[in-house]
Each structure stands twice: as structure tokens, then as C-alpha cells.
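Here's the structure, in C-alpha cells; my notes come after.
Sequence lines set the chain letters: A, B, ... in the order given, protein chains first and strands last, and positions in each chain run from 1.
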Amino acid sequence: MSVVRVRFAPSPTGLLHVGGARTALFNYLFARACGGTYILRIEDTDKERSTEESVQDLLKSLEWLGLSWDEGPGKGGDLGPYFQTERFDLYNDHIDKLLEAGSAYPCFCTPEDLERERADALKNGQTPKYSGRCRDLSKRDIQQKIDSGITPSIRFKIPLDGEIVFEDLIHGATRFDPSLMGDFVIKRSNGYPTYNFTCVVDDALMKITHVLRGDDHLSNTPKQIILYQALGFELPLFGHLSMILGEDGSRLSKRHGATSVEEFREKGYLPAALTNFLALLGWSPPDRETSENPELLTMEELISFFSLDRVSKTSAILNREKLDWMNGVYLRALSDEEIIELVPELKRSHFFKDDADMVHRYISATRDYYHFLGDVIARIDDFSLWVINKELLTPFKTSAHILLAENFLTLTAEKDSLSTNDAGGLFKELSKRTELKGKDLYHPIRYMLSGKEEGPELIHFLTVLPLKEIRSRIQNSLEFLRES
RNA sequence: GUCCCCAUCGUCUAGGGGUUAGGACACCGCCCUUUCACGGCGGCGGCAGGGGUUCAAAUCCCCUUGGGGACGCCA
């Protein structure tokens, strides 16, 4: 019998930011952890910046992360609609109530006036806040201005006395002096209601119990609280999550590299790695006995361990190296089938076309190198691209190494393929016959086979590539070694 | 400028009066592997500063400093 209802309420003005993703994640985890309901609401009241494309991007990113919502776009729900632009009747009703009660009033100031006042105040070191010029206009004045064709905005009347105190779920007791705030606009002159107002009406009507959102909303909270009170709504609990900052400690922005979930997806990150990493930015699991890395947590584990009292108050810098490491861990843990599914290029590669099993041999030979999805395909070149590397091979133009190559060919002549065991035995036998060992044995073989100094273990090389190809490379190298 | 929030290794964090201040990533070393990667083991490294309170302060209080946020007809 849980009554917890939380929501994530993004505005569709661009791609889903990692900060937003973390807010969504924490709401999701909290809801799942206590059997509550997680709601997605689209805050599209900014007529200029909201786009349908962004809505689709947002939904796509959220789905990709695995943060499915219980109520919202595509899901429905009893307390919809879940797009603010479809809720204007609701907002207007409540604005009328405030107007009737005298808690709100029409404002005829022009944006230019307001901007100038604001700039002046800032310049003179004063607090920029609305002067209240239209607060006490008479009925006649109001009518006159309306008659003259000005469409007013509607402002909410801030009570000038008292103090607003609330208990933040994360920060504890927090207090504000309302007299420091100016009367704020709740309905624009273009008829669109504003954030602070819609947010309150929607959270109340959607019966949200816990408002978990970014720290940047902390100073909006007192305004919203007065609105709740003026509207006669019951207050939800508020919890303000700290911000995510860029590497230099400033607000995360484009110049810090990828900041949107979509960008991370494109760069080859896995959703499970990203959610695990983001969960650790501002939250930590309780201490417990594990032989595993205590920070590697599946979504199920995150849900079972999650609680608000383990959310920290400090802002966090996104540590990309740790994310990269974590992504590698998740990627390497995938099955061959999952990897093949995620990397369609594997199926398309002509390298594997004659040998269906080779893709599996390839993956097991290379998986230790994977950090990003792109790394899976990148290793193919290590095997498929081959030219004689004369520079590497020249020092091995010795009778012993010619003997080595010759014996390699004779010892493999009767075989169709090599197992790991075969390869091990082969090296032993070659060592015996040539009296070469260590560096002198392994390096020349590597150079002959791959033409490179680095690469997967030699044994893998021998098992991944068709033996025919291997023999051909050795044969070609042998001819080079014999040239004087 | 005013108001609000925050302050433990380089980074993410645990710890909330008595701890050798714990873990993760990164870094360094060793091992595994004759490469690289993966993995294992070990190491380096921190309570922003100053005042209180207390037998005892990373922990509680105040100030300073630093960082962030808000002050919009953006959300």
C-alpha cells in the first residue's frame, strides 16, 4: 500500500542532459525502491524553445536508459494529460481563482521596461526584483489599459510578511524571506502559464508526494510553497539533488565534451554502465560484504539499495575516466550474442563471411580490449589487415629464424586448424627444433603474423585466423627473410 | 549586489564526538602474460583556514575563504 508518487518533468528544449538523466534515475530508483509510481510529464510551456523533435529525443533517451515510466506519454494514466500544453484549462481555472481571491493581478509592464529595471538594479548593486508597480492598480486603471489594447501578464502577489520554512529531504531545514522576492509572473501575456505555476498545479493535481529535482530549483521552492498555500493544495515533500559539474568544476556544458545521453550512446557507452555510474554521482550504496567491486551495481541492485538518506548534498564532477572503466567492465561481461546484437558491423564484415564460428573466436580473442562498443569492430584490422613489416622483420634475417619459419610451415602442413592446445604444442616444438626461446621465438612469429608489435595474445592469433591464411603469411615472410 | 546551498585523497564517496580516516576510478610498483589489454597483489594520496564547545572534533557551533545556484513574460 504505497502512496509514493514521483515525477520527472523535463522541458523538451534539447537532448536529455546527463544531469536530467540523473534526476530521472533518482526518481525512478526511489519510486521502484518503495513500490511507488514514477510519472513522466513534459513541460512544454516555452512556446519558443519546445519542439516535438525534442520530445521524441527525450523519450528515446529515457527508454534507452531503461527508465520506463508508469504514467506519462505513451502510457496514459488517470491524472493526465501529461503534456502541459494540453492542460491549459486547468491552469486558467486556477489562475482565475487567484485573481478572484486577489492573490494575483494583471501586470502591464513591458518586457523592455522590466529588463531595464533589472539591469539597473544589478548595476547599482541592488537586488533585482519586480517593483510591484502594477500591484495596486485600480479597477479603472486596469480596464483602461485593457481597453487601450495592452494584453497583461498575470503576477502572483507575494505575501510580504512571515518566513517560509520547509524541511528538504536532502538538505534539511531551509528557510527563505519572502519579502526578498518580487511578485512573479504566473501567466505570460501570450497566454502561456509559467513554470513555477504549472509545476505547482500539476504536482498537486497529479498527487505527487515527493518532488525530487535539481538544486537549481531550491530557490524556486519558496515561491511554489506560497502558491500551494494560496491554491489550498497540500504540500509535497521536496528533495533537491546537487548539480553535476564539468571537469573544471564549472557547470557542465558543451565544452566539457559529451553532456547528453544521446552523445554517450553514440560514443559506445552502454545504458547499464551509464546508469550505474550516474547513480554513484551523489548516492552511495550501504557498506556490505562483497568480494566483488562494491560499486558495480545492476539496476535491480540499485533499486534494492537505494534510499534518500544516502544521497549526498555535494555537487559532483563527472569523472569520465571512471565512467570509461565502468563501461569496459559492462561491455566485457556481455555474451558473444549480445555483442553481436549491439555491433551490427560484425555481421556485415567480410572478414567473417566464410566462417561463422570465426566471429566467436574473434570476440573471445579480443574482448579484453573492449571499453566502448566501437572497440569491438576496431580490432578486426589487427587480424585482417596484413602487410610484411620489413622494418620489424629485418633484424630476424638469420639462419635460425629462417629455420623457424620453415619449421612452422612443415609442422602445420597436415592440419586444417589449430586449437589453443595445438598452438601451445607448436611453440614448444618450434623452440626445440630451432633452439630459439623467449623474445627470439615469440617476437618474430608475431611480426610475421600480424606485422605489428602489439596485439592480442599470439595463441589467439593462431586460433582466430584460418590456418591457410596463417601459413600464407609465414610463407611470405619466409621469402622476405631469405632475401639478402 | 542580495538571498540560498555546499566543502573528506586528483575525481566520486564512506564515516556524523574517541577509526591506524574506509572504498572506487586514476596514478605508481610488482605478479600474470615475453607485447598490449584483462586480471591479481601492494603503494602514493585527503578532513579548505581560523576561532570556539568538549576530557576528546573530520564529526557540533561561529567566522573567513572557496565553489555552485537563484534573483526571467526560461525550465
Side-chain angles (χ1 to χ4, degrees), chain A residues 9-13 20 43-50 84 107 109-111 114-115 118 121-130 151-155 168 170-171 174-177 180-182 184-196 198-199 213-223 240 242-243 245 247 249-251 277 280-287 293-296 310 312-326 328-329 332 366-371 375 379 382 437-443 446-447 450 452-459:
Chain A
S11 60
T13 54
E43 308 217 325
D44 51 355
T45 58
D46 185 341
K47 206 164 141 188
E48 270 70 49
R49 297 197 300 148
S50 298
Q84 292 191 323
C107 170
C109 300
T110 66
L114 297 168
E115 182 46 43
R118 220 181 83 86
L122 240 19
K123 204 171 67 194
N124 299 328
Q126 289 166 330
T127 304
K129 85 172 199 187
Y130 176 61
T151 317
S153 61
I154 306 295
R155 284 184 187 270
D168 190 275
I170 290 155
H171 294 278
T174 310
R175 52 192 66 228
F176 290 88
D177 178 356
L180 265 16
M181 301 182 270
F184 56 93
V185 172
I186 56 178
K187 183 179 180 177
R188 302 176 175 93
S189 52
N190 70 6
Y192 277 54
T194 61
Y195 166 74
N196 278 124
T198 57
C199 178
R213 70 217 319 187
D215 239 352
D216 47 343
H217 289 294
L218 198 50
S219 40
N220 284 322
T221 307
K223 292 178 185 168
H240 289 93
S242 61
M243 310 259 77
L245 310 175
E247 320 258 348
S250 71
R251 197 178 189 153
F277 176 77
L280 262 15
L281 241 40
W283 172 82
S284 58
D287 284 339
N293 184 311
E295 297 196 333
L296 259 12
R310 297 196 64 82
S312 87
K313 303 184 220 186
T314 53
S315 51
I317 290 174
L318 194 148
N319 181 188
R320 205 167 301 263
E321 279 164 340
K322 184 163 179 175
L323 206 211
D324 292 353
W325 160 79
M326 195 171 271
V329 172
R332 280 176 243 120
T366 56
R367 65 188 313 140
D368 283 349
Y369 293 87
Y370 303 163
H371 282 87
D375 295 338
R379 287 280 158 177
D382 287 354
K437 57 186 180 185
K439 223 184 235 183
D440 282 340
L441 173 67
Y442 291 94
H443 283 187
R446 172 179 294 284
Y447 300 162
S450 75
K452 298 184 188 76
E453 284 182 289
E454 295 175 5
E457 275 187 51
L458 220 30
I459 284 185

Quick one: label [X] by what it contacts on the DNA or RNA (base, sugar-phosphate, nothing), any heavy atom closer than 4.0 Å.
X: A:Lys437; answer: base
X: A:Pro456; answer: base
X: A:Gly328; answer: nothing
X: A:Asn220; answer: base
X: A:Thr314; answer: sugar-phosphate
X: A:Lys313; answer: sugar-phosphate
X: A:Leu296; answer: nothing
X: A:Phe176; answer: sugar-phosphate
X: A:Cys199; answer: nothing
X: A:Glu457; answer: base

For the residue pair [X] and [Y], establish whether any side-chain heavy-atom pair is separated by less than 4.5 Å.
X: A:His217; Y: A:Tyr195; result: yes
X: A:Pro456; Y: A:Asp382; result: yes
X: A:Leu114; Y: A:Tyr130; result: yes
X: A:Arg188; Y: A:Ser153; result: no
X: A:Phe277; Y: A:Leu323; result: yes
X: A:Glu457; Y: A:Asp368; result: no
X: A:Cys199; Y: A:Arg213; result: yes
X: A:Lys129; Y: A:Leu180; result: no

Go ahead and name the base partner of [N]; Watson-Crick or wobble counts if both distances stay under 3.5 Å, otherwise write none.
N: B:rG17; value: none
N: B:rC74; value: none
N: B:rU65; value: B:rA7
N: B:rC47; value: none
N: B:rU54; value: none

Are OP1 or OP2 of [N] and a side-chain N or O of [X] less than 4.0 angstrom apart?
X: A:Thr45; N: B:rA75; answer: yes
X: A:Arg118; N: B:rG72; answer: yes
X: A:Arg155; N: B:rC73; answer: yes
X: A:His171; N: B:rC6; answer: yes
X: A:Ser284; N: B:rA14; answer: yes
X: A:Arg188; N: B:rG72; answer: no
X: A:Ser315; N: B:rC5; answer: no
X: A:His217; N: B:rC4; answer: no
X: A:Arg251; N: B:rA70; answer: yes

Rounded to whole angstrom units, what separation is found between the [atom1] atom of [X] and the [atom2] atom of [N]?
X: A:Ile186; N: B:rA75; atom1: CD1; atom2: P; result: 13 Å
X: A:Arg320; N: B:rG10; atom1: CZ; atom2: C1'; result: 16 Å
X: A:Asn190; N: B:rC74; atom1: CG; atom2: P; result: 8 Å
X: A:Leu218; N: B:rC4; atom1: CG; atom2: C1'; result: 6 Å
X: A:Leu122; N: B:rC3; atom1: CG; atom2: P; result: 15 Å
X: A:Lys223; N: B:rC3; atom1: NZ; atom2: P; result: 16 Å
X: A:Leu458; N: B:rA37; atom1: CG; atom2: C1'; result: 15 Å

Sticking with atom [atom1], work out how far [N] lies from [M], rounded to a whole angstrom.
N: B:rG39; M: B:rC55; atom1: C1'; result: 50 Å
N: B:rU65; M: B:rC41; atom1: P; result: 47 Å
N: B:rG67; M: B:rU11; atom1: C1'; result: 15 Å
N: B:rA7; M: B:rU20; atom1: P; result: 25 Å
N: B:rA14; M: B:rC73; atom1: C1'; result: 46 Å
N: B:rC38; M: B:rA26; atom1: P; result: 8 Å
N: B:rU53; M: B:rG68; atom1: P; result: 35 Å
N: B:rC31; M: B:rC12; atom1: C1'; result: 29 Å

Pair A:His240, A:Thr174: side-chain N/O donor-acceptor within cut-off below 3.5 Å: no
A:His371 and A:Asp324 side chains, donor-acceptor separation under 3.5 Å: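 The criterion, which ignores hydrogens and geometry beyond distance, is not satisfied for A:His371 and A:Asp324.
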[X], nearest nucleotide to its side chain (from [options]):
X: A:Ser11; options: B:rC36, B:rC12, B:rA75; value: B:rA75
X: A:Arg49; options: B:rU2, B:rA14, B:rC74; value: B:rC74
X: A:Met243; options: B:rC5, B:rG68, B:rC71; value: B:rG68
X: A:Ser219; options: B:rC12, B:rA70, B:rA75; value: B:rA70
X: A:Ala316; options: B:rU13, B:rC74, B:rG15; value: B:rU13
X: A:Ile317; options: B:rG1, B:rC4, B:rC12; value: B:rC12
X: A:Leu180; options: B:rG1, B:rC3, B:rU35; value: B:rC3

Presence of donor-acceptor pair under 3.5 Å, side chain of A:Ser242 and base of B:rC6: no
Mind listing the N/O atom pairs, protein and nucleotides 24-31 of chain B, below 3.5 Å?
from	atom 1	to	atom 2	distance (Å)
B:rA24	O3'	A:Asn293	ND2	3.0
B:rA24	O2'	A:Glu295	OE1	2.8
B:rA24	N3	A:Lys322	NZ	3.2
B:rC25	O2'	A:Lys322	N	3.2

